[in-house]
Amino acid sequence: MPPTPSIVLPQTPSVVKPATDCVHSTEALPPESQADGVVLTASTDPSHTSLLLKNTGSMSVIVMPDASFTSRLITAPYANPTDQASRSALIAVNNSGGLAGVLDIPAFMPKSQVITLPPLWAVCVLTDNLKEIATARYLQDKPTSAQYFMTKALADQLLVKSGAATTQPTLIKCAKGTVDAIKTHPALADIEQYVAVLGAGSPCRNSYQALLHSDPDAADQLASTVLNELQSMPRLQASSDLVTTRART
């Protein structure tokens with residue numbers, strides 16, 4: 001009796017859907033580097049409805065959706081730093097009100113769709129339409145870069161002495177002071193602006209000295225340590241114009 005031929009059922013083609021996050025954005029794209037100090041490592045998924053942007057440059061970058069709002073931004077915690085100092089520093093930058101002075105951010109842009117990316121931080125860009133390519137805009141903002149350098153250097157020192165909740169108001173105050181120093185003394189060298197923020201009588205100094213039990217010697221030592229760290233930071237660059245990036249070359 002001849003063997004019964006096997007029946008091979010036709011495979012049902014999988015339904016392609018828009019990405020819901022950037023976990024599967026593993027298809028590398030050319031990095032974005034169209035502004036001084038900016039390098040954004042970019043990757044997408046096969047549908048090109050996702051775009052993972054990770055800041056591997058030396059300056060902070062502000063990211064927002066494309067002008068037509070075909071895409072939206074969500075967080076990418078799986079691609080971000082997890083240490084408390086980095087997290088506290090970014091929280092301080094986000095709560096400083098500094099973005100209000102960035103003229104390239106449209107007044108109608110929802111706050112949740114304006115994401116600050118310091119070095120090593122990432123964001124996920126999504127479009128919900130398979131006919132659209134995930135697209136975003138970004139710019140390098142000098143005050144935001146300075147804010148993150150300042151608050152990260154302070155957080156490295158203060159979190160050893162106090163908890164994150166106790167330290168956060170001081171970091172926010174120092175982030176605000178950094179923006180004010182750059183606006184007030186735009187021609188000063190980077191380190192001189194940092195000195196102005198940390199110096200005696202400044203709101204930032206008063207705040208971190210209070211955390212140190214109002215000990216002026218301890219405050220002097222902390223300021224010296226923070227300034228040494230800030231001297232090793234990259235030189236601040238002038239803010240850039242908006243640049244558009246897409247999940248397809």
Side-chain angles (χ1 to χ4, degrees), residues 22 29-43 51-67 71 73 75-76 79-81 86-87 89-107 109-125 134-153 174-194 197 229-247 249:
C22 287
L29 297 168
E32 286 287 333
S33 57
Q34 299 183 50
D36 289 340
V38 174
V39 180
L40 294 176
T41 300
S43 57
L51 176 62
L52 181 64
L53 296 173
K54 187 175 181 69
N55 186 353
T56 52
S58 59
M59 297 288 112
S60 292
V61 173
I62 298 170
V63 184
M64 65 192 80
D66 57 298
S71 299
L73 274 53
T75 59
N80 286 332
S86 295
R87 291 170 58 85
L90 183 54
I91 290 171
V93 173
N94 286 339
N95 286 275
S96 68
L99 291 183
V102 182
L103 299 179
D104 283 324
I105 300 176
M109 182 73 68
K111 291 183 179 180
S112 64
Q113 293 298 288
V114 182
I115 305 295
T116 299
L117 291 189
L120 302 181
W121 287 81
V123 69
C124 177
V125 185
T135 307
R137 295 175 291 171
Y138 68 88
L139 60 90
Q140 189 278 117
D141 179 57
K142 178 180 178 178
T144 304
S145 295
Q147 282 184 305
Y148 187 76
F149 293 155
M150 170 64 74
T151 53
K152 175 63 165 60
C174 294
K176 291 179 178 178
T178 304
V179 172
D180 291 342
I182 290 176
K183 289 181 178 178
T184 306
H185 308 290
L188 286 182
D190 299 352
I191 196 63
E192 292 175 329
Q193 290 171 335
Y194 296 141
V197 178
E229 183 173 338
L230 288 169
Q231 283 183 314
S232 67
M233 292 295 102
R235 183 176 179 274
L236 297 173
Q237 303 290 335
S239 299
S240 73
D241 295 328
L242 272 175
V243 179
T244 298
T245 181
R246 304 172 75 245
T249 56

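No hydrogens, no waters, no symmetry mates; every other heavy atom, side chains included, goes into these values. Index from 1, following the sequence.
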Sequence-distant partners of Ala92, side chain to side chain contact (heavy atoms under 4.5 Å, CB included), two or more places apart: Thr151, Gln168, Leu171, Ile172, Ala175
Which residues share a side-chain hydrogen bond (donor to acceptor under 3.5 Å, both in side chains) with Asn80, sequence neighbours left out: none
Partners meeting side chain to side chain contact (heavy atoms under 4.5 Å, CB included) with Asp104 (sequence neighbours left out): Leu139, Leu242
Within residues 141-153 or reaching into it, pairs that qualify as salt bridge (charged side-chain N to carboxylate O under 4.0 Å, His left out) - sequence neighbours excluded: Lys152-Asp156
Gap between atom CD1 of Ile115 and atom CH2 of Trp121 - 0.5 Å precision: 11.0 Å
Inter- and intrachain pairs under side-chain hydrogen bond (donor to acceptor under 3.5 Å, both in side chains), touching residues 53-64, at least two apart: Thr41-Thr56
Ser43 side, atom OG; Leu51 side, atom CG - distance, nearest 0.5 Å: 7.5 Å
Euclidean distance, Met150 CE relative to Leu230 CG, rounded to 0.5 Å: 5.5 Å
Distance in Å, Tyr148 OH paired with Thr144 OG1, rounded so as to fall on 0.5 Å steps: 12.5 Å
Residues that Thr245 engages under side-chain hydrogen bond (donor to acceptor under 3.5 Å, both in side chains), provided they are two or more places apart: Glu32
Distance, nearest 0.5 Å, that separates OG1 of Thr135 from CZ of Arg246: 5.0 Å
CD-CG distance between Gln147 and Leu90, expressed to the nearest 0.5 angstrom: 10.5 Å
Exercise answer: donor-acceptor pairs, residues 176-189 side-chain atoms, under 3.5 Å, sequence neighbours excluded:
residue : atom : partner : partner atom : Å
Thr178  : OG1  : Cys174  : O            : 2.8
Thr184  : OG1  : Asp180  : O            : 2.7

All side-chain hydrogen bond (donor to acceptor under 3.5 Å, both in side chains) counterparts of Gln140, not counting sequence neighbours: Ser145
Listed partners of Ser71 passing side-chain hydrogen bond (donor to acceptor under 3.5 Å, both in side chains), at least two apart: none
Closest contact, heavy atoms only, Ala247 versus Leu29: CA-CD1, 3.8 Å
Side-chain (Arg137) to main-chain (Pro65) donor-acceptor, under 3.5 angstrom: yes
Nearest heavy atoms of Arg87 and Pro81, plus distance in Å: CG-O, 4.3 Å
Minimum side-chain heavy-atom gap Tyr138-Leu53 below 4.5 Å: no
Residues forming a side chain to side chain contact (heavy atoms under 4.5 Å, CB included) with Pro31, sequence neighbours excluded: Val39
Residues Phe149, Asp190; criterion side-chain contact (heavy atoms from CB on, under 4.5 Å); working and verdict: CA-CA 11 Å; Phe149 293 155; Asp190 299 352; over 6 Å; no
Val114: partners by side chain to side chain contact (heavy atoms under 4.5 Å, CB included), with sequence neighbours left out: Ile62, Leu99, Ile105, Met109
